[in-house]
Undergrad: 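Please find one structure pasted underneath; my questions will follow.
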Protein chains: 2
Amino acid sequence: MTGYIVDYLMGNARVLEAAGRLGSFSAAAAELGMTQPAVSQQIGHIERVVGMPLFMRRHRGVALNEVGRTLVAAASEARATIRTALEQATAVSRDRVLNVLTDYGFAANWLISRLPDFEKICPGIKIQILTTQALQAQPPLGITADVSILFEAAVRKSGENRITLFEEEVYPVCSPAYARTHGPFTTLADLGRAHLLHLNGHENLWFTWTDWFARMDPDPSVRGSQQTARFRAFGNYPLLLQSAMQGEGIALGWRPLVDTCLESGVLVKVWQKPLRSRRGYVLTAHTPRSSQAELFCDWLVNLSRMSI
Amino acid sequence: MTGYIVDYLMGNARVLEAAGRLGSFSAAAAELGMTQPAVSQQIGHIERVVGMPLFMRRHRGVALNEVGRTLVAAASEARATIRTALEQATAVSRDRVLNVLTDYGFAANWLISRLPDFEKICPGIKIQILTTQALQAQPPLGITADVSILFEAAVRKSGENRITLFEEEVYPVCSPAYARTHGPFTTLADLGRAHLLHLNGHENLWFTWTDWFARMDPDPSVRGSQQTARFRAFGNYPLLLQSAMQGEGIALGWRPLVDTCLESGVLVKVWQKPLRSRRGYVLTAHTPRSSQAELFCDWLVNLSRMSI
DNA sequence: ATCCTGTCATAATTATTAATTATACCACCC
DNA sequence: GGGTGGTATAATTAATAATTATGACAGGAT
């Protein structure tokens with residue numbers, strides 16, 4: 001019962017405060033952009049739930065009585081409390097950038113296209129992406145990353161500030177046109193005769209075509225299948241994917257990175273069985289206490305789960 | 001724009017607080033006696049107006065993020081502020097009686113019948129009426145009156161804590177039956193032959209029939225008109241009025257005291273021209289800082305103006 | 001693996017609450 | 001005694017919030 005009164009007052013604190021301060025319902029209505037009867041009725045309702053008058057009706061305007069003064073003061077204080085907290089909450093996420101460290105492929109083929117969505121949910125948080133190609137990923141000197149999304153050994157249990165977003169999952173992909181003209185690829189030998197697009201320089205972190213053939217068919221007798229393949233090498237993954245989309249050959253497609261291309265039909269799988277590993281994209285929060293980092297990580301985790 | 005957000009949060013602080021504290025929308029809904037979708041939608045709306053998520057959606061239930069914690073803490077604090085003020089405001093008017101000093105006539109014939117209305121407007125304020133018959137009105141020993149309504153010299157300008165509620169105004173009145181059988185009373189002589197009901201013991205404060213005849217017709221030649229009148233005396237005014245209502249004669253009717261009787265037709269005026277003076281019922285607030293006294297006086301003044 | 005369970009999200013409808021327009025009323029001041 | 005500047009009330013309309021019904025999801029149990 002008294003609880004209801006508290007919350008009713010909370011909701012109408014604005015009107016109460018204005019009427020008390022200005023000593024006039026009409027003036028309060030004008031200030032709040034509403035009509036005088038609206039204010040009159042709200043105050044009347046407040047007085048009814050409180051159980052006693054708060055204003056003394058004078059010839060021109062109104063004046064607070066003792067009880068009214070108490071409640072108006074409390075209402076002002078309560079509003080100030082909320083306003084301060086709100087300013088603090090929004091200030092903490094304004095004019096500060098969140099530094100995200102990740103690799104070029106993840107940034108270009110997954111993250112960037114989804115950032116506008118985050119911008120919409122959390123306006124005012126600026127994301128700065130730092131990309132690295134190095135194995136031992138380090139942000140540029142003088143800048144510390146708040147969160148990183150790096151391809152490394154997957155963490156099994158979501159720890160304090162580390163969680164695996166995507167476990168590694170690889171399919172050979174190419175453009176529909178290439179599949180039509182050079183396919184179908186039903187055996188490993190079919191693939192061995194195709195144009196295989198290759199990523200240079202990261203052989204001990206990322207799967208190569210050699211790895212793929214080896215794991216798909218561990219039988220050494222057939223191991224020669226890719227001998228006749230024509231390789232073409234690229235320096236980074238987006239470039240390689242671009243080439244595949246233009247129908248220049250077959251690429252190894254990493255799961256989250258090629259998802260949008262597969263959905264839009266720009267690329268197609270040519271081999272259904274995925275190649276999996278114990279590695280994956282791992283999200284690490286280096287400044288987990290930061291509210292921007294918290295919001296960004298929460299958004300990322302939700303998004304990754306939705307797209308599995 | 002931020003103003004709207006503040007007031008929206010004020011209005012929904014209850015839901016925000018419960019959801020944050022319990023870590024579950026369903027539990028919050030149960031506690032607040034509403035349905036889960038209602039809570040879900042309210043929180044969703046809050047997050048939209050704030051511009052960023054406040055809760056992290058977990059498998060079972062939800063958890064506050066940094067921004068959410070800030071706002072929930074502020075919401076709790078704001079509600080506590082209002083609650084405290086409200087308890088203070090209601091406590092000040094509970095378990096304390098307001099001592100009202102007045103005379104027996106005013107209490108019996110005007111105040112008492114209107115007290116239930118005040119009780120309805122300000123529940124919890126107990127009115128204790130102290131009546132006096134003495135000229136120099138003093139409350140009983142050991143009790144101090146918070147407000148007094150006494151018949152005395154009228155104050156012309158509403159001072160700090162004194163105001164004239166009713167100026168003296170006197171009409172001869174009797175029951176309709178008496179007027180029918182003994183009337184009409186068109187001249188002073190008609191009245192002089194009637195049964196005149198008289199109040200004993202207050203001759204220098206209240207008008208007597210002698211005063212009335214003297215003021216109505218200052219011409220000394222006709223002054224003998226009431227010589228033949230039959231007087232009957234009473235110890236207090238309500239008793240006298242009771243007698244008049246039963247058709248036993250004509251009473252001097254004081255304005256506010258006989259109003260209800262005149263309206264209901266139990267009594268009728270037998271002489272239109274009123275007798276006025278510079279005296280009247282004066283309201284004095286002896287403890288003007290008390291909120292009960294303030295509420296009571298405000299109510300009294302409004303009521304007296306309405307019934308003029 | 002697959003079902004089961006407890007939770008949040010969403011859509012459409014209904015119910016409740018608040019605001020508006022129009023009007024009455026009241027008290028002072030000229 | 002009207003004019004003026006304020007509040008109160010009634011009836012209607014507009015806006016907001018709650019409900020019911022349903023879907024989706026993640027984890028634990030079988």
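Per chain, numbering begins at 1; letters A, B, ... match sequence-line order. What you are looking at is a predicted structure, and each value in this text was computed from that prediction instead of being measured.
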Undergrad: Taking protein heavy atoms under 4.0 Å as touching, what does nucleotides 23-30 of chain D look like 5' to 3' if B marks base contact, S marks sugar-phosphate-only contact and - marks none?
TA: ---BS---
Undergrad: Around A:Arg48, counting heavy atoms of other residues, nucleotides and ligands shown, do more than 12 lie under 6.0 Å from its CZ?
TA: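 12 or below, so no.
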Undergrad: Give, ordered by number, those residues of residues 37-47 of chain B having at least one heavy-atom distance below 4.0 Å to an atom of DNA chain C; if nothing qualifies, reply none.
TA: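 Under 4.0 Å from DNA chain C: B:Pro37, B:Ser40, B:Gln41.
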Undergrad: Less than 3.5 Å apart, any donor N or O on the side chain of B:Glu168 or B:Trp254 sitting next to an acceptor on the other?
TA: yes
Undergrad: With sequence neighbours left out, write down each residue that passes ring pair (Phe, Tyr, Trp, His ring centres under 6.0 Å) with A:Phe207, or none if nothing qualifies.
TA: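 With neighbours one apart ignored, the set is empty.
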Undergrad: May I ask you to list the residues of residues 13-36 of chain A, by number, that have any heavy atom positioned under 4.0 Å from an atom of DNA chain D?
TA: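 A:Ser24, A:Phe25, A:Ser26, A:Gln36 - these, ordered by number, are the residues of the stretch whose heavy atoms sit under 4.0 Å from the strand.
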Undergrad: Does some side-chain heavy atom of A:Trp110 sit less than 4.5 Å from a side-chain heavy atom of A:Leu303?
TA: yes
Undergrad: Show the nearest heavy-atom pair for residues A:Met10 and B:Ala13, with the distance to one decimal.
TA: CE-CB, 3.5 Å
Undergrad: Taking atom P of D:dT7 as reference, at what distance in whole Å does atom CZ of A:Arg58 sit?
TA: 13 Å
Undergrad: Look only at the side chain of A:Arg69 and the backbone of A:Leu64, and say whether a donor-acceptor pair between them is shorter than 3.5 Å.
TA: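 Present.
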Undergrad: According to ring pair (Phe, Tyr, Trp, His ring centres under 6.0 Å), does anything in residues 65-88 of chain A pair up with another residue at least two apart or in another chain? List the pairs.
TA: none
Undergrad: Using a cut-off of less than 4.0 Å, is there contact between a side-chain N or O of A:Arg57 and OP1 or OP2 of D:dG6?
TA: no
Undergrad: Please tell me if the side chains of B:Thr164 and B:Arg278 come closer than 4.5 Å, counting only heavy atoms from C-beta onward.
TA: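 Side-chain contact under 4.5 Å: no.
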Undergrad: Closest approach of B:Thr102 and B:Leu150, non-hydrogen atoms and distance?
TA: CA-CD2, 3.9 Å
Undergrad: Would you say A:Asn65's side chain and A:Gly68's backbone share a donor-acceptor pair under 3.5 angstrom?
TA: yes
Undergrad: Could you give the start and end, 5' to 3', of the contact zone on DNA chain C for chain B, using atoms under 4.0 Å from its heavy atoms?
TA: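 Using the under 4.0 Å cut-off, the span is C:dT5 to C:dA27.
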Undergrad: How about B:Asp117 and B:Trp299: does a side-chain donor come under 3.5 Å of a side-chain acceptor?
TA: yes
Undergrad: Which atom names give the shortest non-hydrogen contact between A:Val173 and A:Lys269, and what distance separates them?
TA: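 Smallest heavy-atom distance, with atoms named: CG1-CA, 4.2 Å.
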Undergrad: How is B:Phe55 classified with respect to the nucleic acid when contacts are heavy atoms under 4.0 Å: base, sugar-phosphate, or nothing?
TA: nothing
Undergrad: What class does the angle between the rings of A:Phe55 and A:Phe25 fall in, given that below 30° is parallel, 30 to 60° is tilted and above 60° is perpendicular?
TA: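 Taking A:Phe25 first and then A:Phe55, their aromatic rings stand perpendicular (interplane angle over 60°).
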